A.B. asks: 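Here it is, the structure, as structure tokens.
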Amino acid sequence: ERRRVFLLRVRSLSFVGGAKGRDTGGGAPLDWASAEGGRGYRFEHLLYQSEAMAQVVARARRMAQSDAAILLRGETGSGKEVLAQAIHYASRRAGGPFVPVNCGSLSESLLESELFGYEEGAFTGARKRGKPGLFELARGGTIFLDEIGDASLMVQQRLLRVLQEKRFLRVGGTRTL
């Protein structure tokens, strides 16, 4: 079975509410705030002025109806995670968890054990019963992998396998999950 991956290039988004962000029309910064009660951003929270961003948001709404992996590209601070949340909450996975992971903030070994989990005895200091990874915790929902280009090539290769096969092994594991 072929898996589709969609590409959306995020230039910049702004949101309704409190903190500052750039607008997409080149004008003054607009404001944004955490969405209702901290339950995540929705498409109705997004404000944009340019036709290009209107097209990105329209395409994102369509992608939300797909089970395909979606690649969001854009500069740091352009709103990729917020757009990912909007896609998540408009999808069939909205009832599941939204799990954001900043791949650039963790070392290779820590990122691998956090993403894939580990089995008992996989390394010194491993928990007695092992630990589920973020992919397991995101089951039925969405995992958002931010700054994936900062991860090592080995971790990126494992991530590609997960995206293609929808299966993985815990660190030190022998059973495919």
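These numbers come from a predicted model, not from an experiment.
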A.B. asks: Quick one: is the NZ or CZ of R170 closer than 6.0 Å to the six-membered ring centre of Y118, and within 45° of its axis?
C.D. replies: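 Judged by the rule, R170 and Y118 form no cation-pi pair.
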A.B. asks: Strictly distance-based, threshold 3.5 Å: is any side-chain N or O of Q85 a donor or acceptor partner for the main-chain N or O of F98?
C.D. replies: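 No: the side chain of Q85 does not pair with the backbone of F98.
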A.B. asks: How close do A151 and L111 get, counting heavy atoms only, and between which atoms?
C.D. replies: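 Answer, listing the atom of A151 first, then L111: CB-CD2, 3.8 Å.
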A.B. asks: Might you confirm whether atom CZ of R161 has over 12 heavy atoms from other residues, nucleotides or ligands at distances under 6.0 Å?
C.D. replies: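 Count not over threshold, so no.
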A.B. asks: Where do M53 and S50 land on the side chain to side chain contact (heavy atoms under 4.5 Å, CB included) test, with the steps shown first?
C.D. replies: CA-CA 5 Å; M53 276 309 301; S50 73; 3.5 Å; yes
A.B. asks: With rounding to the nearest 0.5 Å, note down the distance linking NE2 in H88 to CD in E81.
C.D. replies: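 Going from NE2 on H88 over to CD on E81, the span is 11.5 Å.
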A.B. asks: Kindly give the heavy-atom pair with the smallest separation between P97 and R139, and that separation in Å.
C.D. replies: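 Of all heavy-atom pairs spanning P97 and R139, the closest is CD-O, 3.9 Å.
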A.B. asks: Could you walk me through whether D146 and V101 pass side chain to side chain contact (heavy atoms under 4.5 Å, CB included), step by step?
C.D. replies: CA-CA 6 Å; D146 197 12; V101 182; over 6 Å; no
A.B. asks: If you take all heavy atoms of L134 and V99, which pair is closest and at what distance?
C.D. replies: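 Shortest heavy-atom contact: CD2-CG1, 4.0 Å.
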A.B. asks: Considering non-hydrogen atoms only, spot the tightest contact between A84 and F144 and give its length.
C.D. replies: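 Looking at all heavy atoms of both residues, the shortest contact is CB-CD1, 3.5 Å.
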A.B. asks: According to a hydrophobic-cluster definition based on side-chain heavy atoms being under 4.5 Å apart (Ile, Leu, Val, Met, Phe, Trp, Tyr only), do V155 and L110 belong together?
C.D. replies: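 Yes: a chain of side-chain contacts under 4.5 Å links V155 to L110.
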A.B. asks: A90 and F43: which non-hydrogen atoms are nearest, and at how many Å?
C.D. replies: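 What the structure gives for the nearest pair is CB-CE1, 3.5 Å.
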A.B. asks: Should D67 and R92 be marked as a side chain to side chain contact (heavy atoms under 4.5 Å, CB included) after you check the CA-CA gap, both sets of side-chain angles, and the distance that decides it?
C.D. replies: CA-CA 8 Å; D67 287 328; R92 293 185 289 266; 3.1 Å; yes
A.B. asks: Find out whether E112 and L106 are in side-chain contact, i.e. whether some heavy atom of one side chain is under 4.5 Å from a heavy atom of the other.
C.D. replies: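 No. Closest side-chain heavy atoms not under 4.5 Å.
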A.B. asks: How many angstroms lie between atom CG of L83 and atom CE of M63, to the nearest 0.5 angstrom?
C.D. replies: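 One finds 11.0 Å between CG of L83 and CE of M63.
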A.B. asks: When the ring centroid of F135 is compared with that of F116, is the distance short of 6.0 Å?
C.D. replies: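 So the answer is yes for these two rings.
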A.B. asks: Atom OH in Y89, atom CZ in R42: separation rounded to 0.5 Å?
C.D. replies: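 The CZ atom of R42 is 5.5 Å from OH of Y89, to the nearest 0.5 Å.
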A.B. asks: Quick one: CD1 on I87 to CD1 on I70, what's the gap to the nearest 0.5 Å?
C.D. replies: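 CD1 of I70 is found 4.5 Å from CD1 of I87.
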A.B. asks: So, for G104 and N102, which heavy atoms are closest and what is the spacing to 0.1 Å?
C.D. replies: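 Nearest pair, atom of G104 first, then N102: N-OD1, 3.0 Å.
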A.B. asks: I need the S113 OG to E108 CD distance, nearest 0.5 Å.
C.D. replies: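 That separation rounds to 11.0 Å.
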A.B. asks: Going from CD on E114 to CG on L137, what distance comes out if it is rounded to the nearest 0.5 angstrom?
C.D. replies: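 Spacing of CD (E114) from CG (L137) equals 9.0 Å.
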A.B. asks: Side chain to side chain contact (heavy atoms under 4.5 Å, CB included) for V162 and Q164? Distances and angles first, verdict last.
C.D. replies: CA-CA 5 Å; V162 171; Q164 290 174 334; over 6 Å; no
A.B. asks: Charged N to carboxylate O under 4.0 angstrom, K80 versus E75?
C.D. replies: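 No.
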